[in-house]
Amino acid sequence: MELKGERLLAADRATAWAALNDTEMLRHCVPGCESITATGENRFEIAMTAAVGPVKARFKGKMALEDIDPGHAYTMKFEASGGPTGF
């Protein structure tokens with residue numbers, strides 16, 4: 001899954017940065033995300049549902065925020081498995 005795009009937020013930079021570092025807000029930003037639980041600094045366990053063509057699967061895994069440029073950007077990296085569906 002590759003999430004790309006650009007959104008204009010009606011908020012100042014500090015407010016937007018704080019929101020994008022809030023786990024509940026992240027859950028709403030990631031398509032199919034059911035839960036995000038912090039496990040350490042910039043590390044999380046996730047549960048999500050994703051569809052690949054006609055196949056829909058539930059995945060559990062890990063997410064990390066990397067390449068952090070405070071107040072400007074970060075990269076979200078996922079590692080997940082869906083049992084017999086794949087990873």
Side-chain angles (χ1 to χ4, degrees):
M1 174 189 316
E2 187 172 332
L3 303 174
K4 285 185 170 183
E6 195 173 299
R7 301 287 187 270
L8 181 59
L9 302 177
D12 61 68
R13 185 180 299 261
T15 302
W17 184 254
L20 292 173
N21 282 281
D22 175 87
T23 55
E24 188 62 18
M25 182 64 71
L26 283 176
R27 186 178 69 77
H28 289 290
C29 292
V30 177
C33 188
E34 298 169 3
S35 67
I36 298 179
T37 305
T39 59
E41 187 174 355
N42 303 316
R43 303 280 184 253
F44 308 87
E45 287 184 353
I46 62 166
M48 64 187 301
T49 301
V52 179
V55 178
K56 195 173 198 179
R58 188 161 193 267
F59 294 87
K60 288 188 177 186
K62 298 175 183 178
M63 179 181 76
L65 302 182
E66 299 180 355
D67 305 321
I68 299 171
D69 180 7
H72 294 93
Y74 57 66
T75 301
M76 296 169 76
K77 298 221 176 167
F78 295 91
E79 180 181 309
S81 67
T85 310
F87 59 92

Any ion pair linking R58 and E34 (charged N to carboxylate O, less than 4.0 Å)?
yes
Kindly give the heavy-atom pair with the smallest separation between R43 and A64, and that separation in Å.
NH1-CB, 2.9 Å
Decide yes or no for M63 and L26: does some side-chain heavy atom of the first lie under 4.5 Å from some side-chain heavy atom of the second?
yes
So CG of N21 and CD1 of I68: to nearest 0.5 Å the spacing works out to 7.0 Å
Can you confirm whether Y74 sits close enough to D67 that some side-chain heavy atom of one is under 4.5 Å from a side-chain heavy atom of the other?
no
Shortest non-hydrogen contact between A11 and A16, atoms and distance:
CB-N, 4.4 Å
Examine distances only and state if a side-chain atom of D69 and a backbone atom of H72 form a donor-acceptor pair shorter than 3.5 Å.
no
Counting C-beta onward and ignoring hydrogens, is there a side-chain heavy-atom pair between N42 and E66 closer than 4.5 Å?
no
T37 and F44, any side-chain heavy atoms less than 4.5 Å apart
no
Can you tell me how far the CD1 atom of I46 sits from the OG atom of S35, to the nearest 0.5 Å?
8.5 Å
Ion pair check, K62 and E79, cut-off under 4.0 Å
no
Does the side chain of K56 reach to within under 4.5 Å of the side chain of T49, using non-hydrogen atoms?
yes
L20 side chain reached by C29 side chain, heavy atoms, under 4.5 Å:
yes
Closest non-hydrogen atom pair, F59 against A50:
CE1-CB, 4.0 Å
Between K77 and L65, is there a side-chain heavy-atom distance shorter than 4.5 Å?
no
